[in-house]
Amino acid sequence: MDSYHITGGKRLAGEHRITGAKNAVLPILAGAVIPGGVSKIRNCPRLSDVDAMVRILEGIGCRIRREDDSIEVDAGGVDSCRIPEHLMKEMRSSVFLMGPLLARCGEVVLSHPGGCEIGRRPIDIHISALRKLGVEIRETDGGLACRAANLKGTEIRLEFPSVGATENLMMAAVAARGETRILNPAREPEIRDLQDYLVSCGASVEGAGGPVIRVRGAGPLKGAEHRVMPDRIEAGTLLAAAAITGGQVLLTGAMPEDMEAVLEKFREAGCLLRTEGDKIELSSPPRLRAVDSVVTQPYPGFPTDMQSQFLALMTVARGECRIRETIFENRFKPAKELLRMGADIRIEGPVAVVRGVEALRGARVAAGDLRGGAALTVAGLAAPGETFVENVCHIDRGYDKLEVTLRKLGAEIRRIEE
Ligand code: UD1
């Protein structure tokens, strides 16, 4: 497996254009199965998770054409509602195909999903919501067999605003008779992007981002062209990379209005931020200040997907910071690796207490999940000496050649292929 070799201590400076959002492109590609025609999805990032989704789509009979950053999905030939088990295991997002395949074929057979090991990640909320919509779900040995004989719109309150369950339900509901009202939905901006795509296909969906999403079943959908929104987590990660090196960065093609909770924490840490239109400019002080506390929350709160990068940032800030993870129970994995780099972190249940040290030191560390891997890379940029980050495959799931972007900004980082 590939690793990164980083020589830390270089100040980052420069400009970068943000790529399309991983968490938007995956459900949208899954949603492209619903219409019988061709959808063209533009601004797709080059990620291994996107490649995995493309393989799944091909596996169920879609024809795919990729050109530059566009992916054309011709779902006309979808001939299977069975998701191959080995592909399902590769990526948790394959669970997003439940809703679209139910809408398209009235049936779906799938095994339990894989993905990052950041906790139990059950799918009970998906299942109970789909059942309320009229889906019959049977647990089989290795997975689930679902049948949608008679989907009927109704009011469904999610017990927790799960991102994936909200998206699955929206996509299944486009094929239900009457109106579905999703109460307590996730409000993440990527859900708005999925809504925009479904509306372009002729669906009647409204309310994404608010307290109720309304979906009215509206007959067969047509394929559509859609441009994927920018990745707010890529943007946040690059801000962290610049900030930890005392650097300065200008991000373009971003959506700062979707990142308020994260930008606020950078300000609290002593960074100067300027936002205008699709631009975010960050200048950081020579040494960051520890922010009092960070608590991960569903949107619009601080995103769990930025928690690890912030943990890395706080290891060298002046003072003490308490980071509480409330979404995934197993997301402090990078802490152990950061200790090897000289960090001072104490884990107390769901809280990481980080006391900033003067400097980290280079070490050999291993990524255990996607954002944890990004966090170790960020830490390596600030650590004098050499850092090796192993298992870069986790990082490739969600960043479009992170090392190339960082090098362009002045980092000394290269990929060692193995
Ligand atoms: C999505 C994102 C992921 C992000 C997460 C939270 C994508 C492709 N992935 O993941 O990057 O970290 O949102 O913002 O968009 N839960 C249940 N039962 C369920 C579903 C979820 O208990 O049926 C729990 C999960 O275990 C977790 C929490 O709810 O503790 C949040 O999960 P969810 O919002 O569903 O995250 P994902 O859609 O998997």
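All ligand and atom numbering here is 1-based and tracks the order in the structure. None of these values were measured; they are calculated from a predicted model. Heavy atoms only: backbone and side chains are in, while hydrogens, waters and symmetry mates are out.
- K279 has no carboxylate O lying under 4.0 Å from a charged side-chain N of E281, or vice versa, which leaves the two without a salt bridge.
- Between R216 and E179 a salt bridge is recorded (basic side-chain N to carboxylate O distance below 4.0 Å).
- Remark: distances from the non-hydrogen atoms of P122 to ligand 1 include one below 4.0 Å.
- Look at E329 and R331 and you find no salt bridge, because none of the NZ, NE, NH1 or NH2 atoms lies under 4.0 Å from a carboxylate O.
- Atom numbering of ligand 1 starts at 1 in the shown order; those under 4.0 Å from a heavy atom of G164 are 35 (O), 38 (O).
- Of the charged side-chain nitrogens involved, at least one lies within less than 4.0 Å of a carboxylate oxygen, so that D49 and R397 count as a salt-bridged pair.
- Checked against a 3.5 angstrom limit, the closest N/O atoms of F96 and ligand 1 fall outside it.
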**Working for side chain to side chain donor-acceptor pair (under 3.5 Å), residues Y399 and T237** = CA-CA 10 Å; Y399 295 87; T237 304; 2.7 Å; yes
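- Close contacts of ligand 1 with T304, meaning ligand atoms under 4.0 Å from a residue heavy atom, involve 6 (C), 12 (O), 14 (O).
- Ring-plane geometry between H5 and F388 is classed as tilted, the angle between the planes lying from 30 to 60 degrees on a 0 to 90 degree scale.
- In terms of N/O distances under 3.5 Å, ligand 1 is not approached by E167.
- Only the side chain of R331 comes within contact range of ligand 1, with a heavy atom under 4.0 Å; no backbone atom does.
- In summary, the side chains of H126 and N168 do present a donor paired with an acceptor at a separation below 3.5 Å, with no hydrogens or angles considered.
- Partners of T245 according to the side-chain contact (heavy atoms from CB on, under 4.5 Å) rule, which considers only residues two or more places apart in sequence or in another chain, are L12, L381.
- Taking any N or O of E329, backbone or side chain, none lies under 3.5 Å from an N or O belonging to ligand 1.
- Proximity of D305 to ligand 1, defined as any heavy-atom pair under 4.0 Å, is confined to the side chain (atoms from C-beta onward).
- At a heavy-atom distance under 4.0 Å, no atom of I127 approaches ligand 1.
- Between F328 and ligand 1, a contact under 3.5 Å exists for no N or O pair.
- Considering backbone and side-chain N/O atoms, F160 never comes within less than 3.5 Å of an N/O atom of ligand 1.
- A salt bridge links R415 and D396; the closest N-O separation between the charged side-chain nitrogens and carboxylate oxygens is under 4.0 Å.
- Looking at V163 against ligand 1, both its backbone and its side chain come within 4.0 Å, counting heavy atoms.
- Residue Y299 does not touch ligand 1, judged by heavy-atom distances below 4.0 Å.
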